[in-house]
K.L.:
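One structure, as structure tokens, below. Some questions next.
In this chain, residues are counted from 1 in sequence order.
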Amino acid sequence: MSHRADDSRGVVAERTYALVVGVESYEDRPEWRLPGAAHDAQRFAAWITGSGRVPPANVRLFLSPLPGTDLSCAEGLPESRPAVRHLIEDALLEDLPSCDGDLLWIYWAGHGFHDDGRLLLPCADTTHRRIPHVNLEAALRWWGSTEVSRGRFRRQVVMTDACRVDRRLSPGLNFGTVDYGGGELVEGRRQFVLYAARPGEVARNEEDRRAGLFTDKLLKALDGLTVTQGVRGLADLTHRLQTEFDMLCAQEKAWQRPSYLIRDWDGSPAYGGDWTDSSSTAPILDQQAWKDLAALARERELPSCVQDAYRWAFEVCDCAAPLQNNVPTGGLTEFVRDLDDRQGRPGKPLSLPFVRYVAAHTEDREWGALLDHWVDHTRERIGALPVAAAPQRPAEPAEVHVQLTEAIERGTYLVRIWLYAGKFSFEWGSPAAVPLRDARNELGEHIGAVAAKDTSHGTDRVEFHIPVGLLDEEFERWPMPFGPGDRSQEVGQLFEVVVRCPDERDGSAAKWQQKWRWFESHGGGAWESPTLEARHPVWLITEDRMPVNLAAYLRFAELPVCVLIHVDRERLPQTLGDVIASGIPIALWYRGEPPNGSTGPGDLATALASPGATGLDLRKLPRTLLRLRIESGDSPSGHSPPALLWDDPNRRPRLRPLK
């Protein structure tokens with residue numbers, strides 16, 4: 001096979017070297033078998049020595065296939081050796097650094113573990129007692145130093161088709177410590193690192209096809225390209241891969257999102273160079289920014305505006321926002337890291353407007369000022385453009401809060417009303433306990449009077465705080481005075497109406513708070529049936545898909561935050577009790593029989609989804625149900641939309657002492 005030098009500036013195929021590793025068999029860990037990894041590595045080697053035009057003699061190939069695996073398509077490839085640590089390290093730290101090359105390309109397919117910013121890649125000689133591995137970040141630091149001659153390998157590309165599973169989730173694994181050291185860092189030596197997944201994510205392997213999903217998509221993107229073309233188009237290629245995986249995740253065909261890093265070895269991530277230049281991409285955060293942000297984020301809960309901040313960052317940078325299901329989870333640093341990975345537009349990193357928005361809308365003004373200070377100083381240091389001021393949050397409409405508390409005499413209730421308009425004000429309380437029928441007939445007038453108060457932005461919602469025994473009461477149909485004379489209208493035709501059971505949450509307060517915080521940060525997403533591996537925030541609970549121990553399922557994980565219930569009336573009270581006891585803050589259910597033509601909550605989920613959306617925007621539920629109630633008022637069937645439990649743990653009026 002003949003190879004000619006590529007004539008593009010900076011990269012010559014004959015001066016390109018590669019380390020290619022595929023590990024699918026681990027010494028005495030049969031449970032780690034990974035069919036396809038060795039085949040993927042062989043396919044990559046075939047590309048780089050084929051259309052890539054790199055001489056086979058420049059490629060170091062390490063394969064550990066499963067016994068009986070057919071790797072017969074090796075014509076023209078260098079002879080492979082087992083993917084054991086001492087052979088790989090000898091090639092990585094002794095052989096390749098001594099070669100006179102300009103570009104090093106590393107490809108690795110196998111298992112991977114994320115450990116405090118490092119990717120640990122187990123080798124084929126892994127046993128139950130020890131895990132020989134390559135510490136990728138330590139190796140890259142070594143390759144960025146004077147251990148490699150200053151004039152050699154000024155460009156380095158690394159691609160890993162490996163999971164980045166949190167090592168802390170498997171504390172029994174004995175990795176030990178691997179650090180290669182290194183000399184003084186060489187200025188201008190640039191590394192492009194492309195990971196198949198983000199920290200904590202699993203990279204999908206399609207065993208039946210003997211292929212990693214990431215490698216399959218990568219090789220299709222590289223097909224027909226020379227090494228020069230591949231290297232110079234890496235940023236664009238990666239952005240296309242990220243967009244494709246966003247779509248696959250939305251379709252539930254993948255659960256990983258590739259991420260990349262360009263590092264200019266002054267010791268910090270940077271932008272620019274042969275892959276991307278300052279005119280075509282955004283700067284990314286440096287180490288000082290991450291250090292300062294970590295201090296600001298420590299022991300801080302994200303404010304409820306985080307979802308709006310995330311979306312606004314894409315808007316102000318003129319970038320397409322990811323689909324709802326691909327919004328990150330976690331705290332402030334996790335959101336910022338996600339945006340830093342996605343970068344932004346020239347001079348406009350996504351991370352800075354996001355933090356600016358959070359700073360403007362957090363209730364802790366002192367913390368907000370510190371975040372603003374971080375944005376300004378980081379922007380100046382990394383050379384970004386000025387960051388726009390965040391828009392003011394629209395003023396919230398007022399809410400009427402009605403509380404019914406069980407009195408000593410059975411069937412009677414004490415009634416209190418508050419108005420919430422930025423803060424709670426007590427408006428009225430019944431002088432004595434009253435039967436529920438009297439409360440139903442008389443309370444509408446008091447609600448109307450409170451709702452009519454001048455709050456500048458009107459009153460949109462009525463929230464009923466009730467004991468769990470009243471969940472079957474149709475508060476939406478309670479009458480209210482409306483218009484002149486004796487006319488009345490159902491309260492649910494005039495206002496958003498939700499019910500709440502905050503006093504029933506004593507045993508689930510921590511879960512209740514946790515789940516509400518998740519909802520505030522994300523707003524919604526797709527729905528699924530109950531499983532212990534839940535990845536979506538909404539569950540559909542039906543007669544045929546309801547675990548016997550539903551409460552345990554609901555409490556097990558961070559998700560769900562909302563349930564749609566479609567069970568027999570006899571089972572409904574117990575199901576709602578499990579929902580409340582498990583800390584689930586949002587639930588929808590039919591008090592009576594569902595409308596004709598409804599086959600279950602799946603119909604409801606479809607009806608509630610926004611046009612073109614892949615899931616539910618839970619924040620729109622109260623308004624959506626108001627619209628459905630208004631529409632159902634014209635229906636001869638008389639069926640009502642479902643009831644909505646909407647329990648915000650942070651918005652509870654204080655009780656007024658009884659006189």
Side-chain angles (χ1 to χ4, degrees), residues 17-50 54-99 104-113 118-136 138-140 142-143 157-163 165 173-180 196 203 205 207 210-212 214-215 219:
Y17 288 77
L19 175 77
V20 181
V21 181
V23 191
E24 59 186 39
S25 177
Y26 295 82
E27 189 169 306
D28 66 349
R29 283 187 172 269
E31 74 278 13
W32 279 23
R33 65 190 301 274
L34 192 62
H39 184 237
D40 281 343
Q42 187 182 65
R43 291 165 62 204
F44 184 87
W47 167 74
I48 204 169
T49 59
V54 173
N58 290 9
V59 178
R60 311 296 184 259
L61 182 60
F62 298 89
L63 304 176
S64 287
L66 289 167
T69 298
D70 180 14
L71 292 178
S72 57
C73 56
E75 184 178 353
L77 297 181
E79 183 178 353
S80 69
R81 289 178 286 172
V84 296
R85 186 172 73 176
H86 76 278
L87 293 179
I88 294 173
E89 287 187 343
D90 181 68
L92 186 63
L93 305 177
E94 299 291 339
D95 175 19
L96 287 170
S98 67
C99 298
L104 172 70
W105 200 313
I106 297 175
Y107 170 88
W108 189 297
H111 287 300
F113 293 84
R118 299 180 293 269
L119 179 59
L120 309 183
L121 300 167
C123 300
D125 45 339
T126 289
T127 69
H128 281 284
R129 297 185 61 185
R130 62 188 185 88
I131 305 178
H133 65 279
V134 170
N135 180 336
L136 181 63
L140 293 179
W142 189 93
W143 267 87
V157 178
V158 181
M159 295 178 169
T160 61
D161 192 350
C163 301
V165 177
L173 299 181
N174 180 19
F175 281 91
T177 301
V178 172
D179 189 353
Y180 308 109
N205 187 60
E207 183 171 337
R210 294 173 58 203
F214 170 79
T215 295
L219 289 177

K.L.:
Could you work out, with ring-ring contact (aromatic ring centres under 6.0 Å, His included) as the rule, every residue matching Phe214, not counting sequence neighbours?
P.N.:
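For Phe214, no residue satisfies ring-ring contact (aromatic ring centres under 6.0 Å, His included) once neighbours in sequence are set aside.
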K.L.:
With Asn205, which residues qualify under side-chain hydrogen bond (donor to acceptor under 3.5 Å, both in side chains), at least two apart?
P.N.:
none
K.L.:
Restricting to pairs with a member in residues 37-50, which pass salt bridge (charged side-chain N to carboxylate O under 4.0 Å, His left out), not counting sequence neighbours?
P.N.:
Asp40-Arg43, Arg43-Asp216
K.L.:
Just wondering, do Phe44 and Trp105 contact through their side chains at under 4.5 Å, heavy atoms?
P.N.:
yes
K.L.:
Below 4.5 Å, heavy atoms only, C-beta onward: do Val158 and Trp108 meet side chain to side chain?
P.N.:
no
K.L.:
Please tell me if the side chains of Leu71 and His39 come closer than 4.5 Å, counting only heavy atoms from C-beta onward.
P.N.:
yes
K.L.:
Write out all pairs satisfying side chain to side chain donor-acceptor pair (under 3.5 Å) with one or both partners inside residues 77-93, taking only residues at least two apart or from two chains.
P.N.:
Glu89-Tyr180
K.L.:
Is the backbone of Val178 close enough, under 3.5 Å, to the side chain of Asn135 for a donor and an acceptor to pair up by distance?
P.N.:
yes
K.L.:
Return the minimal non-hydrogen interatomic distance between Ser64 and Ala83, and the atom names on each side.
P.N.:
OG-N, 2.9 Å
K.L.:
Using side-chain heavy atoms (C-beta onward) and a distance below 4.5 Å, is Pro82 in contact with Leu87?
P.N.:
yes
K.L.:
Please examine the side chains of Val59 and Leu77, heavy atoms only from C-beta on, and report whether any two atoms are closer than 4.5 Å.
P.N.:
no
K.L.:
Tell me, do Cys123 and Val134 make a side-chain contact under 4.5 Å, heavy atoms counted?
P.N.:
yes
K.L.:
For Ala37, give me all partners under side chain to side chain contact (heavy atoms under 4.5 Å, CB included), at least two apart in sequence or on another chain.
P.N.:
Glu24, Leu34, Ala109
K.L.:
Hey, does the side chain of Trp143 reach the backbone of Leu92 with a donor-acceptor pair shorter than 3.5 angstrom?
P.N.:
yes
K.L.:
What residues form a side-chain hydrogen bond (donor to acceptor under 3.5 Å, both in side chains) with Arg130, not counting sequence neighbours?
P.N.:
none
K.L.:
Taking all non-hydrogen atoms of both residues, which atom of Leu93 and which atom of Trp142 are closest, and how far apart?
P.N.:
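It is O-CH2, 3.4 Å.
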K.L.:
Kindly give the heavy-atom pair with the smallest separation between Leu61 and Pro78, and that separation in Å.
P.N.:
CD2-O, 3.7 Å
K.L.:
Return the set of residues passing side chain to side chain contact (heavy atoms under 4.5 Å, CB included) with Arg29 (not counting sequence neighbours), or none when no residue passes.
P.N.:
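For Arg29 the side chain to side chain contact (heavy atoms under 4.5 Å, CB included) partners, ignoring immediate neighbours, are Tyr26, Glu31, Trp32, Thr126, His128, Leu173.
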K.L.:
Mind checking the CD1-CG spacing from Ile131 to Leu120? Nearest 0.5 Å is all I need.
P.N.:
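It is 9.0 Å, given to the nearest 0.5 Å.
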K.L.:
Tell me, please, which residues at least two apart from Asn174 pass side-chain hydrogen bond (donor to acceptor under 3.5 Å, both in side chains).
P.N.:
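With sequence neighbours excluded, Asn174 shows a side-chain hydrogen bond (donor to acceptor under 3.5 Å, both in side chains) to no residue whatsoever.
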K.L.:
Quick one: closest heavy-atom pair of Pro35 and Leu66, and the distance?
P.N.:
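Heavy atoms only, the tightest pair is CG-CD1, 3.6 Å.
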K.L.:
Please enumerate all residues that pass ring-ring contact (aromatic ring centres under 6.0 Å, His included) together with Phe175, with sequence neighbours excluded.
P.N.:
Phe113, His133
K.L.:
Taking only residues two or more places apart in sequence or in another chain, which ones pass side-chain hydrogen bond (donor to acceptor under 3.5 Å, both in side chains) with Glu27?
P.N.:
none
K.L.:
What residues form a side chain to side chain contact (heavy atoms under 4.5 Å, CB included) with Asp95, not counting sequence neighbours?
P.N.:
Arg60, Ser98, Cys99
K.L.:
Of all heavy-atom pairs between Ala91 and Pro97, which one has the smallest distance, and what is that distance?
P.N.:
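Closest approach of Ala91 to Pro97, heavy atoms only: O-CD, 3.9 Å.
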K.L.:
How far apart are the closest heavy atoms of Leu121 and Gly112, and which atoms are they?
P.N.:
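Result for this residue pair: CD2-CA, 4.2 Å.
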K.L.:
Any chance you could measure Tyr17, atom OH, to Asn58, atom CG, to the nearest 0.5 Å?
P.N.:
4.5 Å
K.L.:
Side chains of Val23 and Phe62: closer than 4.5 Å at any heavy-atom pair?
P.N.:
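Not touching, per the 4.5 Å side-chain cut-off.
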